[in-house]
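Heads up, the thing below is written out as C-alpha cells.
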Amino acid sequence: MFYNQFSDIGMATAFIGERLQHNESIIFLAINQDTEQPVGFTQLYPKYSSIRLDKNWILNDLYVAEDYRKQGIGRKLIKTVMDFARTKGSRFVQLETAIDNFTAQQLYESIGFVKQQNDEDFFLYKIALNS
C-alpha cells in the first residue's frame, strides 16, 4: 500500500506493462548484487511542452525496500534518473511528494531539488472525469 491507495497487483502489472509497451514510461531498478533481487525502483513519465519544445521527466515513483533504506539506494536511483534525463537533453526532472513525507523531502532537497512556489503566470486546473 502506497499513499493510502488500495493495492491491486494485477491492475498495477497491466498498467505498467501497457506504459512500457507503448514507450510511455522508463523504470530503473536497484538490484542487490549478492542476491540479484530488486531492492528498489524509480519510474519516470515524459512531460512534453510544445511551447518550450522539449521533453522533460516526471519522477513518479521512488521506492526502496524497507530493509535497504538509509543505504543511499534512493539517492543513487535519483542520480541515475538525472543522468538519463541529461542524456536526453531534458531541462528538468520534477516530482511531487506528500507534505508530511519529511524523509523524502530531505533527500530531494539534499540532492538539489527546489520546492516550487505557485507560478505567478499560470494556474494549475484539474477536472475529474467520471467514467
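We number each residue from 1, following the sequence as shown.
Under the 4.5 Å side-chain criterion, counting only non-hydrogen atoms from C-beta, K76 is not in contact with V64.
Contacts of R69 classified as salt bridge (Lys or Arg N to Asp or Glu O under 4.0 Å), with partners at least two apart in sequence or in another chain: none. Scored by the side-chain contact (heavy atoms from CB on, under 4.5 Å) test, D67 finds no partners at all (sequence neighbours excluded).
For the pairing with W57, the ring pair (Phe, Tyr, Trp, His ring centres under 6.0 Å) check across F84, Y48, Y45 returns one residue only, F84.
The line from CZ of R75 to CG of L107 is 5.5 Å long, rounded to the nearest 0.5 Å. Rounding to the nearest 0.5 angstrom, the gap separating the CD atom in Q106 from the OG1 atom in T97 is 12.5 Å. The structure places CD of E96 at 8.5 Å from CG of N60, a figure rounded to the nearest 0.5 Å. One distance of note links CZ of R91 with NZ of K47; it measures 13.0 Å at 0.5 Å rounding. Y108 OH to N101 CG: the interatomic distance, rounded to the nearest 0.5 Å, is 6.5 Å.
Judged by distance alone, with hydrogens and angles left aside, the side-chain atoms of Q37 form no donor-acceptor pair with the main-chain N or O of N32 at under 3.5 Å.
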What pairs of donor and acceptor atoms, side-chain ones from residues 20-31 against any protein atom, are under 3.5 angstrom apart with sequence neighbours left out?
| from | atom 1 | to | atom 2 | distance (Å) |
| --- | --- | --- | --- | --- |
| E24 | OE1 | R19 | NE | 2.6 |
| E24 | OE1 | R19 | NH2 | 3.1 |
| S25 | OG | Q43 | NE2 | 2.8 |
| S25 | OG | L44 | O | 3.1 |

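Of all heavy-atom pairs spanning T42 and D61, the tightest one is OG1-O, 2.8 Å. The shortest heavy-atom contact between R86 and D83 is NH1-OD1, 3.0 Å. Residues F41 and L77 share a closest heavy-atom pair of N-CD1, 3.7 Å. Across P46 and K55, no two heavy atoms sit closer than the pair CB-CE, 3.7 Å. F113 approaches I78 most closely through the heavy-atom pair CE1-CG2, 3.7 Å.
Note on L95: it clusters hydrophobically with I111, by side-chain heavy-atom contacts below 4.5 Å among ILVMFWY residues.
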